[in-house]
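Small disclaimer: the values here were computed from a predicted structure and weren't measured.
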Amino acid sequence: MTTQDQKLSTGPEYAEQKAESLPQPVSSKESSYNTIIDTAQLWTSPRTVFSKRHWMTDVDPLQSTFPLAAYCFMTGFIDSVSFTAIFVWCGFQTGNSVQLALALARLFSGPPGQRDTSFHLADQQALTSVLTFIGGASLGRIGDWMGAKTRAWLFLGTMIQALFTMAAALTAWKSGQGSIAEVRGDPAWTNALTFVAIAFMSASLGLQGIMGKRVNTQFATTIVLTTVWCELMADPKLLTFRHRVITRDHKLIAIFALFLGGFVGRAIIDAVGAASTLGVGTGMRVVIAIWWLFVPGKPTKTGKPVSA
């Protein structure tokens, strides 16, 4: 192992940086400008999709671009529902954590006897989101037992996300409340069932985040883009346009997919409401779950992907 290989042997960029460090075949140089073509085959065709070997085989992170981009899309899609209704992000827990810190500081603001000691509705909703996000992420530990990159866990985990999203859709529908809040002080969701909807949405994104992180690619958690933005701007090959740069291109795909998810989510909310939007999201998660079954495995020494 060379000194360069030792430097690349750790970190979330290893698989993709390693791929970039290898020389390309002459026949592939003409088509190397398209990141999707080189690293994200739409799916493989295993001989026996339902064989145990196929299910328990790790997917190739380099071939996982499409489902991970779909994860990013779902982050924007789900967050558009919660932010439109209550101005709370179910996926971006940095803001919720700071909001709770401010709520705690408010208890000591002002002279004794005149302090605001009430637990504001917005703070209750933020706390619900943080706690259930952590709970959903903790379910990702199941992947440690099954194999974090196996098709079986990626399928099962994504189906659990779909069930959480479906539960959020049902509770939002049964709550009988609106979908769009006009001002921050007057959220559209206030009753107990909407708190349950917030909980299920946050749990689905928490589980998605740890699953995305364990695949170990440029998409990171598929949830928080602050780090992705920073890493993108710090990429030494950011302005290299003569050939593909996976470390840059996949980050751009993640950012665009999340933006598109938020846009599409809000458009559907305006048309049919939050509950139906979450119903659509449930269907999308099921499609992503099935998609994982067809992602190629890591190539063997013969160069063929492991499938069955």
Side-chain angles (χ1 to χ4, degrees), residues 74-139 161 164-210 221 223-227 229 258-259 261-263 265-266 268-270 272-279 281:
M74 291 307 302
T75 298
F77 190 89
I78 298 295
D79 270 326
S80 70
V81 176
S82 63
F83 189 79
T84 299
I86 58 174
F87 297 101
V88 168
W89 304 107
C90 284
F92 309 144
Q93 298 305 327
T94 301
N96 292 338
S97 299
V98 174
Q99 181 177 332
L100 292 174
L102 296 177
L104 184 61
R106 191 168 56 241
L107 298 176
F108 305 97
S109 178
Q114 299 181 14
R115 295 172 179 172
D116 183 2
T117 58
S118 60
F119 193 9
H120 294 189
L121 179 62
D123 299 331
Q124 296 175 33
Q125 292 166 331
L127 179 60
T128 299
S129 180
V130 170
L131 294 178
T132 52
F133 183 93
I134 294 171
S138 67
L139 292 177
Q161 296 171 33
F164 284 162
T165 308
M166 180 179 68
L170 291 174
T171 51
W173 171 59
K174 292 295 290 183
S175 71
Q177 297 200 297
S179 304
I180 302 175
E182 299 297 336
V183 294
R184 285 183 178 270
D186 186 22
W189 290 358
T190 57
N191 64 24
L193 281 176
T194 56
F195 273 83
V196 177
I198 295 168
F200 278 120
M201 285 191 291
S202 299
S204 74
L205 289 177
L207 178 56
Q208 174 189 307
I210 193 170
T221 64
I223 299 288
V224 181
L225 291 190
T226 303
T227 302
W229 274 111
L258 191 144
F259 181 89
F263 179 87
R266 179 55 195 253
I268 298 177
I269 292 169
D270 287 339
V272 296
S276 297
T277 301
L278 290 169

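Expressed to the nearest 0.5 Å, how far CD1 of I86 lies from CD1 of I180 amounts to 14.0 Å. To the nearest 0.5 angstrom, Q125 atom CD is 4.0 Å from L121 atom CG. Here I223 contributes atom CD1 and T75 contributes atom OG1; the two are 3.5 Å apart, rounded to the nearest 0.5 Å. From T128, atom OG1 reaches atom CG of L131 across 7.0 Å, with rounding to the nearest 0.5 Å. How far OG1 of T194 is from CE of M201: 9.0 Å, rounded to the nearest 0.5 Å. For the atom pair OG1 (T221) and CD (Q208), the distance works out to 8.5 Å, reported to the nearest 0.5 Å.
In this structure the side chain of F77 reaches within 4.5 angstrom of the side chain of I268, judged on heavy atoms. Residues L139 and F164 are in side-chain contact: their nearest non-hydrogen atoms beyond the backbone lie under 4.5 Å apart. Side-chain contact between V81 and L278 is present, with at least one heavy-atom pair separated by less than 4.5 Å.
In this structure a side-chain-to-backbone donor-acceptor pair under 3.5 Å is present from T132 to S129. Proximity of a side-chain donor or acceptor of S109 to a complementary backbone N or O of R106 within less than 3.5 Å is not detected. With hydrogens and angles ignored, the 3.5 Å screen pairs a side-chain donor or acceptor of S175 with a backbone N or O of A172. Within the 3.5 Å criterion, the main-chain N or O of A122 finds a donor-acceptor partner in the side chain of Q99. For the pair S82 (side chain) and D79 (backbone), a donor-acceptor distance under 3.5 Å is present.
For the pair N96 and Q93, the tightest heavy-atom approach, listed with the atom from each and the gap, is ND2-OE1, 3.0 Å. Summarising the geometry of G281 relative to T165, their closest heavy-atom pair is C-CG2, 4.1 Å, with the distance given to 0.1 Å. Considering every non-hydrogen atom in both S80 and I269, the closest pair reads O-CD1, 3.6 Å. Taking both residues in full, the closest heavy atoms of W189 and G178 are given as NE1-O, 2.8 Å, listed atom of the first, atom of the second, then distance. Summarising the geometry of Q177 relative to N191, their closest heavy-atom pair is OE1-N, 3.2 Å, with the distance given to 0.1 Å. Residue A274 comes nearest to S179 through the heavy atom pair N-OG, 2.8 Å, listed as atom of the first residue, atom of the second, then distance.
Classified by interplanar angle (parallel below 30°, tilted 30° to 60°, perpendicular above 60°), the ring pair F83/F87 is perpendicular.
Counting non-hydrogen atoms of neighbouring residues, nucleotides and ligands closer than 6.0 angstrom, the CZ atom of F119 exceeds 12 such neighbours.
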